[in-house]
Amino acid sequence: LGDGGTYYYVSGQEYYKVFPFWDWRKVPGVTVIDGEGIVPDLRETKSNNKSDLVGGLEYNGNGLTAMELNRDGLRAYKVWIATDKFVASIGGGIKADSDNCVTTSVEQRQKNSVLLEQLDVNGRWNPIYDNAKHFNVGGDQQTYWHDGTGYVIGGNNFVYAGTERREGSWNDNMGGYREPELLKGEVMYIYMNHGPLNKVSGSYQYAVLPNASKATVANFNLKKEVEVLSNTSDAQVFYVPSAGKGCWVVSYSGKSVTFRMPTALGKPSQGARPQMQRTTFEVTAPGIYYIEYDGKDWTVVAKKIFELTK
């Protein structure tokens with residue numbers, strides 16, 4: 001749960017009594033090496049995250065949190081930014097020492113009486129019927145809606161979305177429940193499959209819109225709302241117009257960061273398009289920075305330096 005678990009509440013009932021039916025390799029927000037069998041018990045494996053590159057920064061009512069995940073042969077660099085309309089998540093530099101596929105879960109919650117729906121290329125909402133799994137890949141973004149919450153997934157990752165009736169017991173994962181009473185329930189899930197990442201690195205980008213209408217979700221353009229300028233194991237940089245006129249920088253290496261100029265801030269020069277211009281920010285230490293551009297240089301408006309213990 002401490003590897004990036006992220007939960008989205010509107011009614012407060014989204015995850016009520018869902019744990020007996022959870023696939024514990026698909027905890028919302030978490031990136032893992034997928035596999036079969038019982039999830040290892042951390043009390044026995046002692047395989048906690050080996051990185052202390054983690055922190056958060058708030059500026060002007062928007063919050064950002066970031067972490068390096070280095071655990072059990074998996075490394076990933078993960079960021080979340082929360083605005084008053086959506087929560088966006090960005091992952092990069094994902095590598096694994098296994099031939100198994102790596103997945104990132106977007107959602108896994110109690111299914112409400114309404115159906116999970118997906119937006120097609122013609123702007124129509126199509127239901128994903130009960131106990132069905134939908135698979136999609138490619139395109140600029142995949143858009144889903146369920147029970148007042150929208151999910152927009154970008155990039156070319158394999159996206160799996162569906163609902164499923166499951167059986168389980170509280171005793172399966174919480175030994176304090178002595179009676180292994182078998183329960184039945186139904187969950188809604190969305191996750192990305194990045195494939196094996198032992199030879200190449202993976203990345204992702206998605207946004208969740210809690211308490212949003214279908215019309216709002218249908219009109220949400222992920223690339224415009226969250227413009228990713230760099231997404232590597234050294235640094236992640238992005239521009240969110242609704243969260244200020246500057247850029248958010250997460251530096252893991254503490255080195256200077258060169259990234260693409262945001263489309264809205266760049267100016268044509270020598271025939272080059274603004275989105276092709278490159279710019280550099282001089283980082284002072286690993287951490288999170290909110291920076292603004294004055295036409296010549298970047299100025300640090302707010303920052304949070306990672307508290308390193310090693």
Side-chain angles (χ1 to χ4, degrees), residues 1 3-32 34-36 38-39 80 82 85-89 101 103-120 123-137 141-154 157-174 177 180-193 204 206-218 220 222:
L1 296 175
D3 290 351
T6 316
Y7 318 103
Y8 309 94
Y9 289 94
V10 177
S11 69
Q13 301 298 307
E14 286 80 359
Y15 307 95
Y16 182 63
K17 295 185 177 181
V18 74
F19 292 160
F21 316 118
W22 252 9
D23 175 350
W24 286 85
R25 297 185 190 275
K26 303 293 188 302
V27 175
V30 174
T31 300
V32 301
D34 210 0
E36 303 292 337
I38 299 174
V39 176
W80 297 260
K85 300 296 183 183
F86 61 86
V87 178
S89 182
C101 292
T103 63
T104 299
S105 177
V106 177
E107 183 65 287
Q108 187 181 201
R109 50 155 289 182
Q110 289 276 15
K111 177 188 173 294
N112 204 322
S113 57
V114 296
L115 292 172
L116 170 64
E117 299 180 68
Q118 184 189 25
L119 190 71
D120 67 19
R124 294 189 297 259
W125 289 101
N126 298 310
I128 299 175
Y129 291 101
D130 291 356
N131 213 33
K133 176 184 290 188
H134 177 78
F135 160 79
N136 211 327
V137 64
Q141 64 182 45
Q142 310 295 330
T143 303
Y144 302 89
W145 186 91
H146 174 73
D147 192 27
T149 297
Y151 308 87
V152 183
I153 297 107
N157 287 297
F158 294 83
V159 180
Y160 293 82
T163 61
E164 188 173 48
R165 297 183 181 91
R166 296 177 182 172
E167 296 181 345
S169 167
W170 287 97
N171 185 262
D172 292 342
N173 295 286
M174 300 179 183
Y177 291 84
E181 178 184 0
L182 189 63
L183 305 173
K184 295 182 179 181
E186 190 169 12
V187 299
M188 183 278 282
Y189 61 84
I190 303 173
Y191 68 90
M192 294 170 283
N193 188 327
Y204 64 80
Y206 67 88
V208 178
L209 290 74
N211 197 28
S213 67
K214 288 183 182 179
T216 297
V217 177
F220 188 87
L222 183 58

message: Tell me if a side-chain donor or acceptor on Thr6 pairs with a main-chain N or O of Gly4 at a distance below 3.5 Å.
response: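 It does hold such a pair.
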field: Test item: Gln141 side-chain N/O and Phe220 main-chain N/O as donor-acceptor pair under 3.5 Å
entry: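 At least one qualifying donor-acceptor pair exists.
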message: Is the ring pair Trp22/Phe19 parallel, tilted or perpendicular, if the boundaries are 30 and 60 degrees?
response: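 Aromatic pair Trp22/Phe19 classed tilted.
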Distance, nearest 0.5 Å, that separates [atom1] of [X] from [atom2] of [Y]:
X	Y	atom1	atom2	result
Leu183	Phe21	CG	CZ	5.0 Å
Met192	Thr31	CE	OG1	7.0 Å
Glu14	Met188	CD	CE	9.5 Å
Tyr204	Asn157	OH	CG	10.0 Å
Ile128	Ile190	CD1	CD1	7.5 Å
Glu107	His146	CD	NE2	8.5 Å

field: side-chain hydrogen bond (donor to acceptor under 3.5 Å, both in side chains) partners for Glu164, two or more places apart
entry: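 With neighbours one apart ignored, the set is Arg166.
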- request: With sequence neighbours left out, write down each residue that passes ring-ring contact (aromatic ring centres under 6.0 Å, His included) with Tyr8, or none if nothing qualifies.
  value: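 Not a single residue meets the ring-ring contact (aromatic ring centres under 6.0 Å, His included) criterion with Tyr8.
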- request: State which residues pass ring-ring contact (aromatic ring centres under 6.0 Å, His included) with Tyr191; sequence neighbours excluded, sorted by chain then number.
  value: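 Only Tyr160 meet the ring-ring contact (aromatic ring centres under 6.0 Å, His included) criterion with Tyr191.
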field: Test item: Lys184 and Arg165 side chains (from C-beta on) under 4.5 Å apart, heavy atoms
entry: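 Counting from C-beta outward, Lys184 and Arg165 never come under 4.5 Å.
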task: Determine whether Phe86 and Val152 make a side-chain contact, defined as any pair of heavy atoms from C-beta on separated by less than 4.5 Å.
output: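 Sidechains of Val152 and Phe86: no contact.
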field: Evaluation steps, salt bridge (charged side-chain N to carboxylate O under 4.0 Å, His left out), between Lys26 and Asp34
entry: CA-CA 9 Å; Lys26 303 293 188 302; Asp34 210 0; 3.2 Å; yes
